[in-house]
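The structure appears right after this line, and notes come after that.
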Amino acid sequence: MNHQMLTKRIYFTISCIMLLVLFLFQGSSLVRQKYNRYDENIYANETASFDAGTQFTVQTDSAAVLSDSHAFIVFIGDTDSASGTTIRQWCTYTKRNLLTYRQISDYRTYREKLPDAVLLDAAFVDCNSDLSLLTTLTSYGISIVWCSLPDFNTIENNSVLMDFLGIANAVSPSLTVSGYKLYSGFLLGGESWYIANNEGEEKYQDFSLDMPWYIPGNATKTYMAAELDSSVYGTIKTQDRPAVFWRKSLENAYIFCVNGDYLSDTGGFGILNAILYELKDYAVTPVVNAQTVSIINYPVLAFEQEDAMDAGYSRNTASVLENVIWPDISTLSEYLNSRFTFLFTPQFHYQDEHEPVSQELEYFFRLLHEKQFEAGLSSTRDTDTSIREKLQKDTSVYRTFLQHYRFLSLYAKESEISEVLNGSPELTNTLQTIVTEKSSNDGNGLFAYVGNDVLQMKLLSDGTAYSYKNDFIQKSLNTALAYSSIGVDCTEICNPTEENENVLWDKFYQKTATALAAYLPPKSVYQSCTVTQAASRIRAFLAVDYSSMRTGNTITLQIKNRSEDTFFMLRLHNEEIEDIDGAAAEKIEDGAYLITPERDTVTISLKK
């Protein structure tokens, strides 16, 4: 048997190849470390130059509204109620003025200038004496939107009211339904079923399932209806299912009905947008165009829970943070094509002996920079430490090991905002955005200025658990604003207590991945943004003003306060864009386009 000797040439060739492989692996790592400016926030210069003084102001005085060129809405009700708050904020977002009355008889200027619609809170309507005036309004071409309905007995015993509402049969004052079907063409995102088909899906059902049963009559169109248990109610025809949203067509106007309290929360914004779209031959509105995911309180830089981490994962804290959690978060962001923002605290407990580890800080900030993620602050701390004490201690940590990073965003409870603004000036003087916990619609809307130049952004969806109601709200926000603000709170993972010591990352991650994949489809045309990028677009959204006009097949859009962060949404009925001048257009779905204006005047040509 012949054995070929290893010649010097072969030995040299193999050595060169091994050296090349070593260089490729080690060299790329050295290059990344050398040029990884992890101590700089790459988003520090992306904030639009708008503040509280530039945002659109809704006119509410009758004389001012009638003389102003903006469209307006009439609301019969209380603007401090839940639905009234939604309507007031919606007018701000859509750049409409608002006239509010406690009773319909007080509205007398309808002959001078027609509103886009009259919105009614049923609690402020006399269903006997007010019907004649409402009928008069419709004869002028003014559409009526019932934001809530009168009680069942009032409707059932008043045939004139039933006809006005488009109800053919009032079947039951209350029944328990199985779920809901949202038909396509109303909210963006297509048809959706919110019904648990098996026991495993029951955890997703958080809609109220009790409602009155009304069957719409002739000349009506239903946008959302309830599903009934066939074992209890038998086979129900599609047109006989309990209606949630429907429209009745009149000769010159429409009557819209909302059967439930759907306008009392953030889901109401998209519903109102969809209703106004159904009233017109087209609808164009400014939008934010930002999808944000905020990872709250991960990572942590102090190893305060070593025993709990060892018990749950058989690893130390550093290994759990680096080798268990980070790979999943990184993979999820790639799948969603999303840029996450990490709003975290260096430590949870400020009164013990555990201090932040500088190596962990450098490790994670290098990773964040490589993935183009953003880092922000968090006010989370133990109960024995004030916000001022916490921020001052955090300042010493960051300024020692991370001297040049500009923290532009911070997570805090809404009740802590003033304390945060008066905390450590060295750390908060660059602060531009405060992200607050998910809360009810309390009058401040989705976002608001809390100082002349500091913007509050609310987390609107819980990214750790999918639910049908949250899915519906997300569709609504995409319809109204092309916007989402989702929070993933990792506090119970990174700071386990006796109450949540059994909450482990694998199950937590499975629920989070399910929720984010549903709320943020990876092929969405909406832009994934960090908090700072989204805040810049929100500032531009609040400041922009516009007017639009259609002549034949041409829509002309005039824009004021336009910036590179300005976006619009155009919705059409059975038409599409043939040509556009002064802007770029991207199709969202049939009949819906995202418009990015490049000039103050945009001309859109349509075709059937």
Side-chain angles (χ1 to χ4, degrees), residues 56-151 154-155 158 160-161 163-166 245 247-248 250 252-265 268-269 271-276 278-280 441-445 480:
F56 175 81
T57 301
V58 176
Q59 300 290 336
T60 56
D61 176 73
S62 179
V65 169
L66 295 177
S67 62
D68 192 73
S69 60
H70 291 87
F72 72 103
I73 291 291
V74 173
F75 176 53
I76 309 302
D78 181 5
T79 53
D80 290 328
S81 65
S83 60
T85 297
T86 299
I87 292 166
R88 187 177 70 246
Q89 290 298 327
W90 174 74
C91 285
T92 299
Y93 301 152
T94 58
K95 319 301 176 178
R96 285 180 169 88
N97 292 324
L98 175 65
L99 291 180
T100 303
Y101 303 95
R102 303 285 292 188
Q103 52 191 16
I104 189 65
S105 58
D106 291 337
Y107 174 46
R108 302 186 182 91
T109 58
Y110 55 86
R111 296 182 183 87
E112 301 175 39
K113 182 181 179 182
L114 298 182
D116 279 347
V118 171
L119 279 55
L120 305 176
D121 181 337
F124 292 81
V125 178
D126 186 320
C127 294
N128 292 312
S129 61
D130 289 345
L131 281 183
S132 60
L133 180 52
L134 292 174
T135 302
T136 299
L137 295 179
T138 61
S139 70
Y140 277 83
I142 301 173
S143 293
I144 308 296
V145 180
W146 290 80
C147 302
S148 59
L149 294 180
D151 66 77
T154 299
I155 293 175
N158 190 330
V160 177
L161 176 62
D163 181 67
F164 186 81
L165 296 172
F245 310 138
R247 179 195 78 188
K248 178 182 179 180
L250 302 177
N252 299 315
Y254 295 104
I255 307 296
F256 276 86
C257 296
V258 178
N259 184 13
D261 61 349
Y262 291 89
L263 297 187
S264 64
D265 58 27
F269 297 121
I271 295 171
L272 290 171
N273 262 48
I275 288 174
L276 266 292
E278 288 290 305
L279 292 178
K280 309 289 184 179
N441 191 6
D442 57 5
N444 291 328

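Scope of the values below: all heavy atoms of this structure, side chains included, with no hydrogens, waters or symmetry mates. Just so you know, these numbers come straight off a predicted model, no measurement behind them.
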>> Assess the residue pair Leu98 and Thr79 against the criterion (side chain to side chain contact (heavy atoms under 4.5 Å, CB included)); give the C-alpha distance rounded to whole Å, side-chain angles, the decisive distance to 0.1 Å, and a yes or no.
In response: CA-CA 10 Å; Leu98 175 65; Thr79 53; 4.2 Å; yes
> Would you find a donor on one side and an acceptor on the other, under 3.5 Å apart, between the side chain of Asp61 and the backbone of Ala64?
Replying inline: yes
> Between the main-chain N or O of Cys257 and the side-chain N or O of Lys248, is there a donor-acceptor pair closer than 3.5 Å?
Replying inline: no
> Mind checking what makes ring pair (Phe, Tyr, Trp, His ring centres under 6.0 Å) contact with Tyr110, not counting sequence neighbours?
Replying inline: Tyr107, Tyr140
Can you give me the closest heavy-atom contact between [X] and [Y], atom names plus distance?
X      : Y      : value
Ala253 : Ile142 : CB-O, 3.5 Å
Phe56  : Thr92  : CD2-O, 3.9 Å
Asp80  : Arg88  : OD1-NH1, 4.1 Å
Thr154 : Asn158 : O-CB, 3.3 Å

Does the side chain of [Y] come within less than 4.5 Å of [X]'s, by heavy atoms?
X      : Y      : answer
Trp90  : Leu276 : yes
Leu272 : Leu263 : yes
Ile104 : Leu137 : yes
Thr138 : Leu134 : no

For residues 114-126, which side-chain donor-acceptor pairs fall under 3.5 Å, sequence neighbours excluded?
| residue | atom | partner | partner atom | Å |
| --- | --- | --- | --- | --- |
| Asp116 | OD2 | Arg96 | NE | 2.8 |
| Asp116 | OD2 | Arg96 | NH2 | 3.2 |
| Asp121 | OD1 | Ala123 | N | 3.0 |
| Asp121 | OD1 | Ser148 | OG | 3.4 |
| Asp126 | OD1 | Asn128 | N | 2.9 |
| Asp126 | OD1 | Ser129 | N | 3.2 |
| Asp126 | OD2 | Ser129 | OG | 3.3 |

If I take atom [atom1] from residue [X] and atom [atom2] from residue [Y], how far apart are they, to the nearest 0.5 angstrom?
X      : Y      : atom1 : atom2 : result
Leu161 : Asp130 : CG    : CG    : 11.0 Å
Phe256 : Ile275 : CZ    : CD1   : 6.0 Å
Ser81  : Ile87  : OG    : CD1   : 7.0 Å
Leu149 : Leu165 : CG    : CG    : 6.0 Å
Thr60  : Phe72  : OG1   : CZ    : 13.0 Å
Phe75  : Cys147 : CZ    : SG    : 5.5 Å

> Please walk me through it: do Leu99 and Ser62 pass side chain to side chain contact (heavy atoms under 4.5 Å, CB included)?
Replying inline: CA-CA 7 Å; Leu99 291 180; Ser62 179; 4.2 Å; yes
>> Apply side chain to side chain contact (heavy atoms under 4.5 Å, CB included) to residues Gln59 and His70 and explain how you reach the verdict.
In response: CA-CA 9 Å; Gln59 300 290 336; His70 291 87; over 6 Å; no
>> Could you go through Phe269 and Thr94, starting from their C-alpha distance and side-chain angles, then the distance that decides it, and tell me whether this counts as side chain to side chain contact (heavy atoms under 4.5 Å, CB included)?
In response: CA-CA 10 Å; Phe269 297 121; Thr94 58; over 6 Å; no
